[in-house]
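Data block below; observations after.
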Amino acid sequence: MAEAPNGIVLFHYPFSPYARRVTWYLQLRGIAYAQCIQPPVLPRPDLTALSVSYRRIPLMTIGKDVYLDTRLILQKLEERFPEGKLGSDSPDGKATEKLLESWMIEGPVFQRAAGLIPTNMPAMKDERFRKDREKFSGRPWSIEAIEKGRPENLTYIRHCFDILENTFLADGRDWILKTEKPGLADIEGSPTCKIHLSQKRRRKKKGKKVNRITAIWPFDWLIEMPGALPKSLISPTTHPKVFAWVTRFRADLKSSKTTAPKPVTLKGPDAVKIILASDFAEQNLSVDETDAQRLKKGAEVEIYPIDSGFSHKDRGFLVGLARNEVVVQGEKCRIHAPRTGFRVTEVGKEGSKL
Ligand SMILES: N[C@@H](CCC(=O)N[C@@H](CS)C(=O)NCC(=O)O)C(=O)O
């Protein structure tokens, strides 16, 4: 049976912009890993077999430890492979990375970008997809609702382009932290959006090679998607530096692909078998009992995201609690999540409603 290089299995689908943050990172770093491709809508039996309820993509396992959310995934990869890491060592650089991360991941950028999908695209007519995303986001995904929200979403997304154009990239630098190569800040700084499944299928049918980098890169994706962005608002003329930054990033990714190890693709049951037969990747977890929530080691808790996919809660016994991370021992695996953007609730006690 195939193995998971470095013990890493990434569960994702290639057109997920969040998953791209991790696959770009792994590719730029040349870190070998295995991937297990997931369906774009529920159910996802491979994750159920690992006793993981979390529904968002991507997830990464290292051994029997499961990491949720790209913020934590990138942090763990930086810590585990420190030689040649992409993160800055300077306090200024770290501050920029963190602020960009909060803006892009904890803010509404993804939701706003997704709200720009033209309603005449096949995905929007796919009832199953719309219903799935309605449950995921807790917001209406009808054609009418998307049309109604378009002007506001456009305003928000143009504001994102403006910030990049007029602040981070204003002095003509190649990369956000003036590095020689793209760094973590450039990966953080990529506003998100998602490609439509049927669009991908259509391209495949026509026999065209799908350029995933082009497809997922949000600016590029939005620009190439007919009807997503009016040229008078966002174009190479209005935001030349952002467009040039995107082009540079794509070129860099393309050249890193020639040297990076190709991911090993595992079928679901094989991935599950490998993971369940592995050891834990992390030792020495501890629970900070002076934490604001005053949770005790071994308490039965539920952890879940509070911005999307919130009805999928993972239950387990608390084995790790720190400022930045909570870890629960689930039925089959150990699940790690960030503290911000997630809620930890003791079973039997009511959680915060904030
Ligand atoms: N904050 C999360 C967000 C992940 C997220 O929203 N991913 C999207 C895919 S791009 C998703 O899960 N969509 C619903 C689904 O695929 O079930 C992260 O950084 O990993």
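We count ligands from 1, going down the list as the structure has it; atoms in each ligand are counted the same way. Reckoned from all heavy atoms, side chains included, excluding hydrogens, waters and symmetry mates. As the structure is a prediction and not an experimental result, all values here were calculated from the model. Quick note: residue numbers are just sequence positions, from 1.
- Residues satisfying the side chain to side chain contact (heavy atoms under 4.5 Å, CB included) test with Glu165, not counting sequence neighbours, are His239, Pro240, Lys241, Val242.
- For atom 16 (O) of ligand 1, the nearest non-hydrogen atom from the set Tyr67, Tyr54, Tyr13 belongs to Tyr13.
- Note on Ile37 and Ile73: separate hydrophobic clusters, where clusters join Ile, Leu, Val, Met, Phe, Trp and Tyr whose side-chain heavy atoms are under 4.5 Å apart, directly or indirectly.
- Taking the six-membered ring wherever Trp is involved, the centroid distance between the rings of Tyr18 and Phe110 falls below 6.0 Å.
- Between the side chains of Tyr25 and Arg21, no donor-acceptor pair of N or O atoms lies under 3.5 Å.
- Within a 6.0 Å radius of CD in Glu3, other residues, nucleotides and ligands contribute 12 heavy atoms or fewer.
- Note on ring orientation: taking the six-membered ring where Trp is involved, the planes of Phe249 and Trp175 are perpendicular (angle over 60°, cut-offs 30° and 60°).
- By the 6.0 Å contact criterion, CZ on Arg339 is enclosed, its count of non-hydrogen atoms from other residues, nucleotides or ligands being greater than 12.
- Contacts with ligand 1 closer than 4.0 Å are made by no heavy atom of Arg21, backbone or side chain.
- At least one heavy atom of Arg133 sits closer than 4.0 Å to an atom of ligand 1.
- Of all atoms in ligand 1, numbered sequentially from 1 with element shown, those under 4.0 Å from a heavy atom of Pro17 are 10 (S).
- Which of Tyr18, Phe136, Phe110 comes nearest to atom 14 (C) of ligand 1 through a heavy atom is settled by distance: it is Phe136.
- Listed by atom number, the atoms of ligand 1 under 4.0 Å from Ser16 heavy atoms are 9 (C), 10 (S).
- The proximity of Arg44 to ligand 1, defined as any non-hydrogen pair under 4.0 Å, is limited to the side chain.
- Residue contacts with ligand 1: Arg71 is placed with no nitrogen or oxygen under 3.5 Å of a nitrogen or oxygen of the ligand (distance criterion only).
- Near Ile105, meaning under 4.0 Å from any of its heavy atoms, are these atoms of ligand 1: 1 (N), 19 (O).
- Comparing Ile57, Asp132, Thr70, Leu59 against atom 18 (C) of ligand 1, the shortest heavy-atom distance belongs to Thr70.
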